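So the structure is just underneath, and the comments pick up after that.
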2 protein chains.
Amino acid sequence: MKLSTSMERFILHWGEMGSRWGVSRSVAQVHALLYLTSEPLHADEITDTLSIARSNVSMCLKELQGWGLIKMTHVMGDRRDHFRAEQDVWEVMTRIVEGRKEREFDPLLITLQRCQEEARADSTTDPAVAQRIGAMHDFVHDMTSWYDQVRKLPRPVITKLMTMGAKVARFVS
Amino acid sequence: MKLSTSMERFILHWGEMGSRWGVSRSVAQVHALLYLTSEPLHADEITDTLSIARSNVSMCLKELQGWGLIKMTHVMGDRRDHFRAEQDVWEVMTRIVEGRKEREFDPLLITLQRCQEEARADSTTDPAVAQRIGAMHDFVHDMTSWYDQVRKLPRPVITKLMTMGAKVARFVS
DNA sequence: CTGTGATTTCAGAAATTACTGAAACTAATG
DNA sequence: CATTAGTTTCAGTAATTTCTGAAATCACAG
């Protein structure tokens with residue numbers, strides 16, 4: 001497939017973002033390409049378009065499926081697997097955030113919990129240190145439980161809250 | 001300085017987090033150490049405690065100052081620079097989020113804007129592609145402007161909104 | 001069961017990123 | 001102004017991560 005300038009720019013920047021967001025450049029590029037393309041693509045088409053190794057494309061597709069960002073489909077009369085990305089931006093972001101939460105914050109919280117218990121039990125640890133570990137734990141805990149509540153709200157409600165922006169403050173007396 | 005088990009665990013995990021969050025392991029470790037320690041430390045103490053090169057400690061301290069996470073202080077009768085981390089968890093997180101926003105989202109938004117204009121102007125780009133680039137742009141734009149508004153609210157208001165959790169939904173009819 | 005096309009695995013290569021240590025620099029002190 | 005304690009720079013090295021390509025595996029049609 002031939003990419004237009006803007007598609008190319010989008011894919012390249014998304015690739016850069018990816019490497020800052022815990023997926024490799026090529027995973028993010030494959031995702032960007034599939035996001036921009038509405039028709040399902042098969043692996044060889046991706047290989048040609050992005051000029052990366054066929055095997056790498058396989059790995060990327062697998063990882064993206066793990067993130068729930070793409071799904072496999074089949075085209076009538078074609079034996080090859082085809083892939084199609086979630087097209088809804090909100091859904092895309094939700095899954096990315098959800099994935100990062102599971103991969104980063106859940107383990108962080110477990111470690112912090114453990115540090116906290118350990119610090120309190122251990123008499124050689126300065127209570128002030130235990131207190132600071134506790135403060136960090138509580139913060140992360142509060143953040144994740146806030147997130148867990150809010151993400152379950154119906155999407156229109158969240159959208160509305162967002163468009164209200166700072167105006168939500170008026171409800172806090 | 002001798003680290004207790006829980007301090008060590010905290011510092012090591014924070015280091016791992018760092019490498020996923022766009023700073024090197026050692027930057028994050030230095031930050032964790034200073035966060036846990038209330039007294040200002042000088043570079044040699046950090047070098048010994050974390051067993052990393054003196055020069056690397058210098059670089060880490062510089063970067064952390066760039067993030068606004070630590071500041072230099074001086075101890076009476078000691079010529080050496082000492083460093084003290086922000087102890088308030090909320091402040092720590094605010095600065096990290098703020099830094100990442102500037103480093104990642106602001107440039108992303110600029111690229112998306114450019115892609116969008118380019119895609120619309122260019123007749124070879126499928127309008128559906130332009131539409132998807134636009135959708136991504138709008139999403140990121142809405143997100144950042146929501147963030148810009150909310151972060152300016154007084155902290156107690158934000159705290160209150162967070163403890164309300166999903167209950168904010170009741171204000172949306 | 002066999003042959004063909006598609007996919008996955010994995011060891012090594014390449015690229016990227018982080019770290020070290022020696023040398024250069026800076027500034028306070030006597 | 002020479003000495004000394006402290007800091008920074010930077011070129012080279014080490015570690016890590018990512019990518020490639022050949023080989024193995026899989027799965028379906030005939």
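What you are looking at is a predicted structure, and each value in this text was computed from that prediction instead of being measured. The chains referred to below are lettered A, B, ... by the order of the sequence lines, with proteins before strands, and numbering in each begins at 1.
Atoms CG (A:D81) and P (D:dC28) sit 10 Å apart, rounded to a whole Å. Remark: C1' of D:dG6 and NE2 of B:H42 are 11 Å apart, rounded to the nearest angstrom. Residue A:F83 contributes atom CZ, which lies 13 Å from atom P of C:dA6 at whole-angstrom precision. Between the CG atom of A:D78 and the C1' atom of D:dC28 there is a distance of 14 Å, given to the nearest Å.
In this view, A:E16 and A:R25 satisfy the salt bridge (charged side-chain N to carboxylate O under 4.0 Å, His left out) rule, not counting sequence neighbours. Residues passing the salt bridge (charged side-chain N to carboxylate O under 4.0 Å, His left out) test with A:R80 are A:D78, sequence neighbours excluded. Judged as a side chain to side chain donor-acceptor pair (under 3.5 Å), and not counting sequence neighbours, A:E86 has no contacts. For B:Y147, there are no ring pair (Phe, Tyr, Trp, His ring centres under 6.0 Å) partners at least two apart in sequence or on another chain. Take B:R95 and apply the side chain to side chain donor-acceptor pair (under 3.5 Å) test, not counting sequence neighbours, and it matches B:E91. Judged as a ring pair (Phe, Tyr, Trp, His ring centres under 6.0 Å), and not counting sequence neighbours, A:W146 has no contacts. Partners of B:D122 by side chain to side chain donor-acceptor pair (under 3.5 Å), not counting sequence neighbours, listed by chain and number: B:T124, B:T125.
Proximity of residues 43-65 of chain B to DNA chain C (heavy atom under 4.0 angstrom from any strand atom) is restricted to B:I52, B:A53, B:S55, B:N56. Shown for residues 16-34 of chain A: no residue has heavy atoms falling under 4.0 angstrom of DNA chain C.
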Dump every N/O contact between nucleotides 1-4 of chain D and the protein below 3.5 Å, one line per pair.
none

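Applying the ring-ring contact (aromatic ring centres under 6.0 Å, His included) definition to pairs two or more places apart or across chains, those involving residues 87-118 of chain A are A:W90-B:F139, A:F105-B:W21. Contacts classified as ring-ring contact (aromatic ring centres under 6.0 Å, His included) and involving residues 40-74 of chain A (residues at least two apart or in different chains) are given here: A:H42-A:H82.
A 6.0 Å sphere centred on CZ of A:R100 holds more than 12 heavy atoms belonging to other residues, nucleotides or ligands.
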